[in-house]
Amino acid sequence: MAQKGAGNATCTYNSQNITQYLNTNTVTNTIAELEATVLTSTAEESIAGLGSYELTLEGDWSKPIDDILGPDSLTGALRTVVLTYGSVGTGGVVTYTWTTKGFLTAYDINATATDKIVLSATLRLNGAPVRS
Amino acid sequence: MAAIKGTNAKILVDEFDLSCETATVQMTNAISEEDVTTLCSTAAEYTPILASMSINEDGYMSNTVTPGSFEKVLYDRMGVEGSYVAALFGTQDLDCPAYILDNTFGATMEIAAPALSVITLNGTWGQGKGGRRGKRVADATITATGNQTAVDFGLPAGINGGEAYLFVQAVTGTLTSASFVVQQCATVGGTYTTLGTFTVPAPGVGKYKITFAGAVNQFIRLNAASIGGATGIKVVCIVCIKGVTGS
């Protein structure tokens, strides 16, 4: 059974639960594909390299979330990031933890007269997380 | 958390408030990263390098003859360093966050004139001497000496100084020289001391900056020490504290 996002995903940044300020969080692990095609290949071949983790956050902008992300967006401070997905009663919860290994690589605030003020942020998550 | 409508934002360029000719303002901080993955890594690793701020505004060609028009302000500053550009978000609160480009210049300017729509103007302000993040501590027309409301910058307090920016947008009366003092205190109702002083000579309208060093207390306010013969001075003051607001 699929689980809805609302109520079943959390994001903690630098020990502060920022879930309430977000409407989307997306964590991506991209495995580097290392070219391995040889002259006897009948199609392109590759081997798997290392994974690379990135987290994107989107939400309605507000002063409390800006006070958390704004200062770090100018310094690149390394912070602990914890993500959880799922619920205890429906299939369990998985937790990914990067301890002092996450930093902002982009922070964007957009205010349009006919819309609301929105934010987006991208974080680099160094290394593999602890999955529990 | 309730959403905040986009009209609760402002864009200031030196003495000009371009908000009423701007439809969208966007602030972007980007931090470059370098790959530092080693043979012991279990996944890719990176280290942050330097931040880069930019402010973009999209608006309208509505008034090209007035000195404070979006088109005139941007055109005059294309490739010319020395401006302070501030994007303020959540302006329904006095102490809203403000992102400032220090000593910036107009980097891009695009005018589009479609036959079936209005003429639009899009502009980007360059990195200049770097981006700052601060809080607005005053936005008022000051008609007498005295204190503005103190703003709480939170704890822990700063230890490495910071900067303050004053945008003087309008002056009425006959100004000789005014002075505005940025004051600090550990408690909101305590005795405030001076962090720095803006001196605003005639004609007054313009942008001003002061820097200060050392410890900075939690509460900060703007004090009008003298309005120098003017009957009203419209100001916006933003204070950035290193290590606290992101300066």
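A note on names: the letters A, B, ... follow the listed sequences, proteins ahead of strands, and every chain is numbered from 1. As the structure is a prediction and not an experimental result, all values here were calculated from the model. All values below were derived from every heavy atom in this structure, side-chain atoms included, with hydrogens, water molecules and symmetry-related copies excluded.
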**Student:** Given a strict heavy-atom distance threshold of 4.5 Å, which part of A/Tyr107 is in contact with chain B: side chain, backbone, both, or neither?
**Tutor:** both
**Student:** Give the member of A/Pro129, A/Gly49, A/Ala128, A/Ala77 that has the highest number of heavy-atom pairs under 4.5 Å with chain B.
**Tutor:** A/Ala128
**Student:** Side chain to side chain contact (heavy atoms under 4.5 Å, CB included) with B/Gln26: which of A/Thr112, A/Val118, A/Asn110?
**Tutor:** A/Asn110
**Student:** Measuring from A/Ser62:OG to B/Asp93:CG, what's the distance to the nearest 0.5 Å?
**Tutor:** 10.5 Å
**Student:** Heavy-atom count check: over 12 atoms from other residues, nucleotides or ligands less than 6.0 Å from B/Glu34 CD?
**Tutor:** no
**Student:** Is atom CD of A/Glu45 surrounded by more than 12 heavy atoms (other residues, nucleotides or ligands) closer than 6.0 Å?
**Tutor:** yes
**Student:** Can we say B/Arg133 and A/Asp67 salt-bridge, meaning some charged N sits less than 4.0 Å from an Asp/Glu carboxylate O?
**Tutor:** yes
**Student:** Looking at every heavy atom in both B/Ala43 and A/Gly127, which two are closest together, and how far apart are they?
**Tutor:** CB-C, 3.4 Å
**Student:** CZ of B/Phe89 to CD1 of A/Ile117: how many Å apart, nearest 0.5 Å?
**Tutor:** 7.0 Å
**Student:** Step through the shown structure and confirm whether more than 12 heavy atoms of other residues, nucleotides or ligands are within 6.0 Å of CD1 on A/Ile31.
**Tutor:** yes
**Student:** Nearest 0.5 Å, please: how far is NZ in A/Lys63 from CD in B/Gln92?
**Tutor:** 10.5 Å
**Student:** So which heavy atom on A/Phe103 is nearest to which on B/Thr47, and how close?
**Tutor:** CZ-C, 3.8 Å
**Student:** Supply the atom-to-atom distance B/Met27 CE to A/Leu119 CG, rounded to the nearest 0.5 angstrom.
**Tutor:** 9.5 Å
**Student:** Answer yes or no: does atom NZ of B/Lys72 have more than 12 heavy-atom neighbours from other residues, nucleotides or ligands under 6.0 Å?
**Tutor:** no
**Student:** For the interface with chain A, which of B/Val25, B/Asp58, B/Thr7 has the highest count of heavy-atom pairs at distances below 4.5 Å?
**Tutor:** B/Val25
**Student:** Tell me, side chain or backbone of B/Ser52 under 4.5 Å from chain A's heavy atoms, or both, or neither?
**Tutor:** neither
**Student:** So with a 6.0 Å cut-off around NZ of B/Lys234, is the heavy-atom count from everything else above 12?
**Tutor:** yes
**Student:** Can you tell me which of B/Ile49, B/Asp95, B/Thr22 forms the most heavy-atom pairs within a distance under 4.5 Å of chain A?
**Tutor:** B/Asp95
**Student:** What are the two closest non-hydrogen atoms of B/Ala51 and A/Ser73, and how far apart are they?
**Tutor:** CB-O, 3.9 Å
**Student:** I'd like to know whether OH of B/Tyr60 has more than 12 heavy-atom contacts from other residues, nucleotides or ligands below 6.0 angstrom.
**Tutor:** no
**Student:** Let me check something: any side-chain donor-acceptor pairs from residues 116-125 of chain B under 3.5 Å, sequence neighbours excluded? List them with distances.
**Tutor:**
from, atom 1, to, atom 2, distance (Å)
B/Thr124, OG1, B/Asn56, OD1, 3.0
B/Thr124, OG1, B/Thr108, OG1, 2.9
B/Trp125, NE1, B/Glu57, OE2, 3.0

**Student:** More than 12 non-hydrogen atoms from neighbouring residues, nucleotides or ligands closer than 6.0 Å to OH on B/Tyr75, yes or no?
**Tutor:** no
**Student:** I'd like to verify something: which residue of B/Thr28, B/Ile11, B/Asn8 has the highest number of heavy-atom pairs under 4.5 Å with chain A?
**Tutor:** B/Thr28
**Student:** Relative to chain A, which of B/Ala9, B/Ser41, B/Cys96, B/Ala23 shows the most heavy atom pairs under 4.5 Å?
**Tutor:** B/Ala23
**Student:** Output yes when a side-chain donor or acceptor of A/Asn126 lies under 3.5 Å from a complementary backbone atom of B/Tyr46, and no otherwise.
**Tutor:** yes
**Student:** Output the distance between atom OG1 (B/Thr245) and atom CG (A/Leu74), rounded to the nearest 0.5 Å.
**Tutor:** 8.5 Å
**Student:** Distance check, rounded to the nearest 0.5 Å: A/Thr75 atom OG1 versus B/Ile31 atom CD1?
**Tutor:** 6.0 Å
**Student:** I'd like to know which of A/Ile65, A/Asp66, A/Asp115, A/Leu50 tops the heavy-atom pair count under 4.5 Å against chain B.
**Tutor:** A/Asp66
**Student:** Which heavy atom of B/Ala44 sits nearest to which heavy atom of A/Ser52, and what is that distance?
**Tutor:** CB-CB, 3.9 Å
